[in-house]
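Throughout, residue positions are numbered sequentially from 1 according to the sequence presented. The figures here come from the full heavy-atom set of this structure, side chains too, leaving out hydrogens, waters and symmetry mates. Read the numbers this way: they start at 1 and go in the same order the structure lists the ligands and their atoms.
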Amino acid sequence: MTIQTDTPFNLKRRDFANDFVWGCSTSAYQIEGAIAEGGRVESIWDKFAAQPGNIRDGSSGAQACDHYRRWPEDLDIGKELGLNAYRFSISWPRIFSGVGTSQNEAGLDFYSRMVDGMLERGLDPWVTLYHWDLPQYLQEQGGWANRATVDAFVAFTDAVSRRLGDRVKNWITHNEPWCTAMHGNLDGVHAPGLKDFGTALQVCHHVLLSHGLSVPVIRANVPDAKVGIALSLHHLRPATESQDDIDAMFRHDGLRNRWFLDPLYGRGYPADVLQLCGDAAPVIHPADMDAIAVPLDFLGVNYYFPEVVKNDPDNLPLRSRVIAFPDCERTAFGWEVSPEGMTALLQRIQRDYHPGIIYITENGSTYDDVVNEDGAIDDVQRKNYLIRHLHAMRDAIGHGVNVKGYFAWSLLDNFEWAEGYLRRFGLTYVNFQTQKRTVKLSGRWYRDFLNHR
Ligand code: IFM
């Protein structure tokens, strides 16, 4: 079911606090291109995308949005939209070309120039350190499953925060560790393409540990830093009201949400899930859990869709299964559209974890855009998705959740991982042949909303 109706413009910027952060998010591999320039070395995504069958349209991020060269134009779009913040990620393979090598000044200079460009345009820079593009040389030594990668990440964090910390005050260590671990190492649809539950859980643990050990490094280099992590979190519903489905939903929640939130907020890994994991449980050193539970300045929530969970005794280890709920509104990706799921999720996080400050660090939708004869893209559905989720966020704030900012995913159409260029999430349309940018109706709506005071 697709709802085509337009949504009335009854939401105002002044419904939110004056100091509310309004931004867009991007990530390095998805937009930069220029994979062999400025001393950049191979990333796991270069290698993964080169293997036939891994990316649906056979593409890669080799060119993407050519943002490496076109970033001034892209930041101009951010300014034109009226954003006051811009979230981007650092490509680790641009910064270190090997373990123990000296940092690559050309890579750091690139980001330093871009940060200056943001500040010149009134965009507060929000750095994400890891958005999935691990250097391939680290994968060859086991990647995130190897504890040594944690040390390498801390060194990377140190180099970047020393260089940019005089101007960048908002830091996100990792984007969506669930995806890093599970898509990369369990279902294998993301780089490095492995399929092993034990590896996925070990990866997960090392990613969280690298987060915990990096936070004090950022704070030492940037005394006024605000540091957090961005998690992909889901509101869950049981397929039926049966106790079996409710229990299955709880187990699914254990790996989807609690596996990250519990250790970050000092409770360790959920005991019920650890028990179900059996031998696949990660190796944990004595001080690890304390390191992971380092207090944060904020929690980044990436919200896209809810999940409906059914009991499935055959589907080990969690004995649960996500089902496609019938007759619901979906994006072109098949993701259920549920703004009320966002409100419920935010309330649940607030109630169960008291994270202090929350930022929506990603939220967005993909639809099949049509370019009109006059070149305009009237993406009514994406615009409505955006408006309805802003309403949902406002509802959550009304219920006492301390949300202080919102970043739309994404500023630009980009390389959508295993889907290649088949899925467009941008508020700005990118013609990947000509690299022409056109702000879509959704982006124009966001601009009007942000400029209406
Ligand atoms: O494109 C991704 C992004 O890299 C991480 N969060 C979800 C987005 C849409 O799938």
Side-chain angles (χ1 to χ4, degrees), residues 23-33 43-46 48-49 54-57 59-61 64-65 67 74 86-92 126-134 172-184 187 189-191 207 228-235 256-257 260 299-307 322 330-338 341-342 345 359-369 379 381-382 385-386 389 406-430 432 440 442:
C24 279
S25 285
T26 61
S27 90
Y29 189 75
Q30 292 179 273
I31 62 169
E32 284 178 3
S43 94
I44 54 172
W45 272 94
D46 300 320
F48 183 74
N54 281 347
I55 311 296
R56 261 183 70 207
D57 60 1
S59 67
S60 74
C65 308
H67 177 77
D74 295 336
Y86 175 64
R87 175 176 172 236
F88 65 107
S89 79
I90 308 286
S91 164
W92 188 347
W126 283 58
V127 160
T128 305
L129 286 158
Y130 188 77
H131 197 127
W132 308 353
D133 48 350
L134 187 73
I172 292 169
T173 54
H174 280 270
N175 185 68
E176 301 180 351
W178 186 95
C179 294
T180 303
M182 306 302 171
H183 281 332
D187 59 39
V189 300
H190 282 185
V207 166
I229 186 168
L231 302 181
S232 49
L233 298 172
H234 297 263
H235 173 62
R256 205 51 159 143
N257 297 319
F260 302 87
L299 175 67
V301 175
N302 293 3
Y303 174 80
Y304 287 88
F305 58 92
E307 285 180 335
V322 173
R330 297 181 183 283
T331 67
F333 225 147
W335 294 352
E336 181 179 339
V337 177
S338 174
M342 178 195 247
L345 173 71
Y359 292 99
I360 304 297
T361 34
E362 283 183 30
N363 172 240
S365 57
T366 180
Y367 293 101
D368 297 330
D369 290 329
D379 57 335
Q381 292 167 306
R382 187 178 292 102
Y385 181 101
L386 171 62
H389 284 78
Y406 176 90
F407 292 81
W409 183 270
S410 177
L411 179 65
L412 306 167
D413 292 335
N414 56 49
F415 175 75
E416 177 55 28
W417 308 112
E419 299 285 308
Y421 297 96
L422 300 176
R423 303 286 178 208
R424 293 176 177 273
F425 276 88
L427 301 186
T428 305
Y429 186 89
V430 177
F432 291 105
K440 303 177 194 176
S442 54

* **Which residue and heavy atom of the protein sit nearest atom 8 (C) of ligand 1, plus the separation** => Y304 OH, 3.4 Å
* Close approach, T366 and ligand 1, non-hydrogen under 4.0 angstrom -> no
* Structure fact -> If we number the atoms of ligand 1 from 1 as shown, the ones under 4.0 Å from a heavy atom of N175 are 5 (C)
* **F88 and Y86 aromatic ring geometry - parallel, tilted or perpendicular at 30°/60° bounds** => parallel
* Would you check the N or O atoms of E176, main chain and side chain alike, for any that come under 3.5 Å of an N or O of ligand 1? => yes
* Nearest heavy-atom neighbours spanning W132 and N175 -> NE1-O, 2.9 Å
* Asked: Quick one: does ligand 1 sit under 4.0 Å from the side chain of W335, the backbone, both or neither, non-hydrogen atoms only?
  -> side chain
* Asked: Is the shortest N/O to N/O distance between W417 and ligand 1 below 3.5 Å?
  -> yes
* Structure fact -> With heavy atoms and a 4.0 Å threshold, my read on which part of N414 contacts ligand 1 is neither
* Asked: Does S27 reach ligand 1 with a nitrogen or oxygen that is under 3.5 Å from one of the ligand's nitrogen or oxygen atoms?
  -> no
* Do me a favour and list the nearest non-hydrogen protein atom to atom 1 (O) of ligand 1 with residue, atom name and distance? => E416 OE1, 2.6 Å
* Would Y29 and S89 satisfy side chain to side chain donor-acceptor pair (under 3.5 Å), going step by step from the backbone distance to the final call? -> CA-CA 9 Å; Y29 189 75; S89 79; over 6 Å; no
* **S25 (side chain) donor-acceptor with A408 (main chain) under 3.5 angstrom** => no
* Would you check the N or O atoms of H131, main chain and side chain alike, for any that come under 3.5 Å of an N or O of ligand 1? => yes
* Structure fact -> for atom 6 (N) of ligand 1, nearest protein heavy atom and its distance come out as E362 OE1, 2.5 Å
* To do: Using salt bridge (Lys or Arg N to Asp or Glu O under 4.0 Å) as the criterion, point out the one residue from R382, K440, R423 that pairs with D413.
  => K440
* Quick one: does W92's side chain get under 4.5 Å of L134's, heavy atoms only? -> yes
* Asked: Between W409 and Y304, does the ring centroid distance fall short of 6.0 Å?
  -> no
